[in-house]
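Okay, structure first, notes after.
Residue numbering restarts at 1 for every chain, and letters A, B, ... go by the order of the sequence lines.
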Protein chains: 2
Amino acid sequence: MARKYIDNPNACSLVHTMNIIGNKWKPIILYLLSNGSMRFGMLNTLIPTISKKVLTNQLKELESDGLLLRQSFAEIPPRVEYSLTEKAIGLLPVLRQLSDWANEAYPEMEFEQCRIIENGKKPAYNNVYKK
Amino acid sequence: MARKYIDNPNACSLVHTMNIIGNKWKPIILYLLSNGSMRFGMLNTLIPTISKKVLTNQLKELESDGLLLRQSFAEIPPRVEYSLTEKAIGLLPVLRQLSDWANEAYPEMEFEQCRIIENGKKPAYNNVYKK
DNA sequence: GCCATTAGTTACTTTTTGGTTACCACTATT
DNA sequence: AATAGTGGTAACCAAAAAGTAACTAATGGC
């Protein structure tokens, strides 16, 4: 289960960034967590097309790269909260710009409004992904 | 050979961006082209760990997403030049910020200086990836 | 006539990623 | 006594991405 990274012989920081967030689910996970912590099950509900196995795996990788904090509460049934670290918070504005870029570059696509860190308002989760 | 996109039921522009550049090679390709056009063979030389098949495929996808312009010259042997479109040029500052983010978030890694669109100087290609 | 050159393509194999189902621990509720 | 609820894990399988090697077209140089 070793993680596969792109060869990065010259230590290019862009390659490193893409190693960390350049895949199918991670930006979405960070985006959903951008307004506060969330439980595993909630993430799974908001991203219904991801399997539990893969979600677990992505969360682990994000945690090991220092982007997520995982807090496990000793309760029954279990409760685990995921939240962004400072590192991840520093990435949010860039994710926002990636979003903005798509809006400008592909105006014909009429995207939804991106809700990342917008005036501290919570995103309308129920409209983002429906079960 | 149909392209697989992430499900994007709510037309999130971040998901769209990741569909377009969120993979192993595309940011590197854009980065290498950020100082001007380049031939297929040169790209392949500068990214020696990519196979010709995959490079061809990535270039096609970037072209079909409107990020690259492909100019084929009727010469023997063939000559094909790839260059960035306006869309792609608009993305460069964001790529630069992704780079900068890694530098700040992982200071222990001592990355190389990112050379994207830096004062119009050409990147020192030979130091980026060696054959 | 033979070889080198370039930008691919094709067929085939391997690696990587993602999905499915069943299962677990522990308690509260019915 | 059975079931629901949560956050997983394990075994197994399917799909996607990537790698490899051989091949091509058309021309110039030897």
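When rounded to the nearest whole Å, the span between NZ of B/Lys60 and C1' of C/dG8 equals 8 Å. A/Asn23 has its CG atom 9 Å from the P atom of C/dT17, to the nearest Å. Separating the NZ atom of B/Lys53 from the P atom of D/dA21 is a distance of 13 Å, rounded to the nearest angstrom. We find that CD1 of A/Ile47 is positioned 11 Å from P of C/dG19, with the value rounded to whole Å. The distance from atom CG of A/Asn57 to atom C1' of D/dT9 is 12 Å, rounded to the nearest whole Å. Taking atom CD1 of B/Ile76 as the reference point, atom P of C/dG8 lies 13 Å away to the nearest angstrom. The separation between A/Leu55 atom CG and C/dT17 atom P is 17 Å, rounded to whole Å. Spacing between atom NZ of A/Lys52 and atom C1' of C/dC23 amounts to 10 Å, rounded to whole angstrom units.
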Pair B/Asn23, B/Gln58 - check side-chain hydrogen bond (donor to acceptor under 3.5 Å, both in side chains), show working. CA-CA 10 Å; B/Asn23 81 345; B/Gln58 304 290 293; 2.7 Å; yes
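Backbone-only contact: A/Tyr82 has heavy atoms under 4.0 Å from sugar-phosphate atoms and none from a base.
Side-chain atoms of A/Asp100 and A/Arg96, non-hydrogen and from C-beta on, do get closer than 4.5 Å to each other. Residues B/Ile50 and B/Ile28 form no side-chain contact, since every pair of their non-hydrogen atoms from C-beta on lies 4.5 Å or further apart.
Distance from the side chain of B/Thr56 is smallest to C/dT9 among C/dG19, C/dT9, D/dT20.
For the pair B/Lys87 and A/Tyr106, the cation sits on the ring face: its NZ or CZ lies under 6.0 Å from the ring centre, inside 45° of the axis.
Listed pair A/Arg70 / D/dG8 meets the phosphate criterion, a side-chain N or O lying under 4.0 Å from OP1 or OP2. Taking side-chain N and O atoms only, B/Gln58 has a distance below 4.0 Å to OP1 or OP2 of D/dA18. Within the structure, every side-chain polar atom (N or O) of A/Arg79 is placed at least 4.0 Å from both OP1 and OP2 of D/dG7.
Shown here is B/Glu63, whose CD atom has more than 12 heavy atoms of other residues, nucleotides or ligands within 6.0 Å.
Mapped onto DNA chain D by nearest heavy atom, B/Pro77 and A/Gly41 fall at different nucleotides, with A/Gly41 at the one closer to the 5' end.
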